[in-house]
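Small disclaimer: the values here were computed from a predicted structure and weren't measured. Numbers for residues simply follow the sequence, beginning at 1.
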Amino acid sequence: MASLSLKHIYKKYLGGVVAVSDFTLDIKDKEFLVLVGPSGCGKSTTLRMIAGLEEISEGELYIGDTLVNDIAPKDRDIAMVFQNYALYPHMTVFDNMAFGLKLRKVTKDEIKRRVEEAARILDIKHLLERRPKQLSGGQKQRVALGRAIVRNPKVFLLDEPLSNLDAKLRASMRTELTKIHQKVGTTFVYVTHDQVEAMTMATRIVVMKDGIIQQVDTPQNLYDNPCNVFVAGFIGTPQMNFVTCTLDKRGDDVYLAWGKNAVKLPADKANRPELKEYIGQTVIAGIRPECLHDEPAFLANAADTTIDASVEVTELMGAEIYLYLSFDGQEEATDGKNIIARVSSRSTARAGDTIKIAIDTSRVHIFDKDTEKCIVH
C-alpha cells in the first residue's frame, strides 16, 4: 500500500502546449481519489504520468517515499485499468488474469491462489475458462480489474473504466468498485468526466480545467462550497443556475435584483463583511435547482424571495420533475438560458403555465463577476 505525492508537475508538448500545469497534490494511502473535468482538461494525462506512460516535463512524483520520475512503468508497482479493457482475445479469463504474474515468474500454485481469490472478490469464478468474446461488457470490466488485483499493486489507476457500459450497468459497477476498494484496501486514482461517478465513489475529488486544479475536496464540500463558477456548474445534476444580477441595498436589507425581480438575502448572508464591498455592483448568483420551490407551503413563507416565471418545458423524472423556466430579465441575466427548478412529482405545473417560484436564498452562492471566484456560500 502507498501514498502518492505530486509536486509541481507539468506536462508540456512541442509547440508550447501545456496539458498539465503545476499539479501539486498529496494522495493518502488507501484513498479513493477521483480526477474529474471536461474532455481535454488534463486528467488522463496526469494519470498516465503517474503510470509512467507519459514523461513528466517538470516536477517530482513520489510513490511512497520513492521518487519515480525515471523509474520504468513496470517497476513502479502500480496497476492500470483501461477504458477498453485491453484483454487478450485468445486467452481464457484465468490466463488473462494470470499473465502479469507469469511474466514475473510467480509459482503456479501462487498464481492459482491469487487468481481464484481475485475471482471470488469479483464474483467471476464461474467465468475463468471462458474467453473475452464470450463475456458481457460488465464481465470484461471485472476481468480487467481482476488482472490488476492479482498483482497486489501499491496503487490502482483507472482511466474511465465504466464509459463503455450501458447506464444500468454503470450504476451497479459504481457500487461494485466501491466495495472492491474497501475489500482490497489499496490506493485508487480514478479518472472520469462523469461527475455522478465522482460524487458517488470518491473520498476526495480533484476538479480540473485546462490542465489546472480548480478545487480538491470531499464530494459534499465540493457540492456545498464550490470555490468558483466552473466548479459550481460542473458538480451537480441538473447543473447550478447562474443569474447575473445587482447587489442592491434597500434600507437595512440587501437584495439580488435583475429585470423587475428582486429577492431578499437573509440577514446572516447580507451582513457578511466580504459582501459589503460588492453593494451596488454586478455579481453572479448561483442557485441549485432544488433551491427553487413551487410548493404552496414554501411560497406562503417566502414573500420576499418569490418571482413570477413561465414554464416552458417539464421533464418528469419519476420521483421529481424538472421545470425549465423563463422570467423577466432572462436574456440579460442568464444569456437567454432557462433556469431549472427541481420540484416534487406532485407539482401541477405544466408547459405554458405562469407560476410563482420561491428561491431559498439561504443556499444561494454569490460569485465575483470578473474573477468568477465565490464571495459567499
Side-chain angles (χ1 to χ4, degrees), residues 1-82 148 151-161 181 184-193 195 197-198 201-219 221-222 225-228 230-231 234-235 371 373-374:
M1 308 308 113
S3 58
L4 284 162
S5 184
L6 295 89
K7 298 183 177 181
H8 307 292
I9 298 286
Y10 285 80
K11 180 60 185 178
K12 300 176 182 178
Y13 293 104
L14 292 175
V17 176
V18 180
V20 177
S21 180
D22 198 19
F23 192 105
T24 299
L25 183 68
D26 289 321
I27 303 170
K28 300 171 190 143
D29 184 26
K30 300 182 182 178
E31 186 168 19
F32 198 132
L33 185 97
V34 176
L35 303 178
V36 70
S39 297
C41 73
K43 55 191 186 295
S44 288
T45 303
T46 303
L47 197 76
R48 291 173 66 82
M49 284 192 286
I50 296 172
L53 303 176
E54 290 275 0
E55 188 177 334
I56 295 171
S57 304
E58 287 180 35
E60 296 177 333
L61 170 63
Y62 291 86
I63 298 179
D65 298 323
T66 306
L67 180 65
V68 299
N69 286 47
D70 299 320
I71 293 178
K74 67 183 179 65
D75 299 321
R76 293 192 181 193
D77 202 7
I78 52 95
M80 191 157 179
V81 179
F82 295 93
R151 289 178 47 202
N152 297 326
K154 289 179 179 174
V155 181
F156 278 88
L157 306 177
L158 301 99
D159 191 4
E160 304 208 31
H181 173 251
V184 175
T186 308
T187 308
F188 275 44
V189 184
Y190 186 104
V191 161
T192 182
H193 63 272
Q195 55 95 19
E197 285 180 23
M201 294 193 293
T203 50
R204 277 194 307 160
I205 298 174
V206 180
V207 182
M208 296 183 68
K209 178 189 178 188
D210 299 333
I212 298 169
I213 294 177
Q214 301 294 304
Q215 188 170 351
V216 184
D217 217 325
T218 63
N221 280 343
L222 273 181
N225 306 301
C227 70
N228 59 29
F230 176 79
V231 174
F234 194 82
I235 299 295
T371 66
K373 290 182 178 178
C374 190

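- Looking at heavy atoms from C-beta onward, Phe234 lies out of side-chain contact with Pro226 at the 4.5 angstrom threshold.
- When only modelled atom types and interatomic distance are considered, His8 and Glu58 share no side-chain donor-acceptor pair under 3.5 Å.
- No more than 12 heavy atoms of other residues, nucleotides or ligands sit less than 6.0 Å from atom CG of Asp65.
- Annotation for Ser21 and Tyr10: closest pair OG-CE2, 3.5 Å, computed over non-hydrogen atoms.
- The main-chain N or O of Phe32 is found under 3.5 Å from a side-chain atom of Thr203 such that the two form a donor-acceptor pair.
- For the side-chain hydrogen bond (donor to acceptor under 3.5 Å, both in side chains) with Asn228, the lone residue among Gln214, Gln215, Lys209 that qualifies is Gln214.
- Note that CG of Asp22 and CD1 of Ile213 are 8.0 Å apart. Values are rounded to the nearest 0.5 Å.
- Between Ile9 and Val20, the shortest heavy-atom contact is O-CG1, 3.9 Å.
- At a threshold of 4.5 Å between non-hydrogen side-chain atoms, the residues Asp159 and Leu157 do not count as touching.
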Given Leu4 and Leu33, is the side chain to side chain contact (heavy atoms under 4.5 Å, CB included) satisfied, shown in steps? CA-CA 11 Å; Leu4 284 162; Leu33 185 97; over 6 Å; no

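- With salt bridges taken as basic N to acidic carboxylate O contacts below 4.0 Å, none links Lys7 and Glu60.
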Should Arg76 and Lys154 be marked as a side chain to side chain contact (heavy atoms under 4.5 Å, CB included) after you check the CA-CA gap, both sets of side-chain angles, and the distance that decides it? CA-CA 9 Å; Arg76 293 192 181 193; Lys154 289 179 179 174; over 6 Å; no

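- Taking CD of Glu160 as the start and OG of Ser39 as the end, the distance is 7.0 Å to the nearest 0.5 Å.
- Annotation: the span from Ile63 atom CD1 to Ile50 atom CD1 amounts to 8.0 Å, rounded to 0.5 Å.
- Distance CD1/Ile235 to CZ/Phe230: 8.5 Å, rounded to 0.5 Å.
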Side chain to side chain contact (heavy atoms under 4.5 Å, CB included) between Met80 and Leu47, worked out: CA-CA 9 Å; Met80 191 157 179; Leu47 197 76; 3.7 Å; yes

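- The distance from atom NZ of Lys43 to atom CE of Met208, rounded to the nearest 0.5 Å, is 8.5 Å.
- Side-chain atoms of Thr187 never come within 3.5 Å of backbone atoms of Ser3 as a donor-acceptor pair (strictly under, hydrogens ignored).
- Between Ile205 and Val36, the shortest heavy-atom contact is CG2-CG1, 3.4 Å.
- Nearest heavy atoms, Ala19 versus Tyr13: CB-CE1, 3.6 Å.
- Here the closest non-hydrogen pair linking Pro219 and Ala202 is CG-O, 3.5 Å.
- In this structure, CZ in Arg204 is found 10.5 Å from CG in Leu35, a value given to the nearest 0.5 Å.
- In this structure, the side chain of Asn69 engages the main chain of Gly59 through a donor-acceptor pair within 3.5 Å.
- Side chain of Arg151 to backbone of Ile78: a donor-acceptor contact under 3.5 angstrom is found.
- Relative ring orientation between Phe188 and Phe156 is described as tilted, the plane-to-plane angle lying within the 30° to 60° band.
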Applying side chain to side chain contact (heavy atoms under 4.5 Å, CB included), run through Leu6 and Met49 and close with a yes or a no. CA-CA 10 Å; Leu6 295 89; Met49 284 192 286; over 6 Å; no

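- Residue Gly64 comes nearest to Ala2 through the heavy atom pair N-CB, 4.1 Å, listed as atom of the first residue, atom of the second, then distance.
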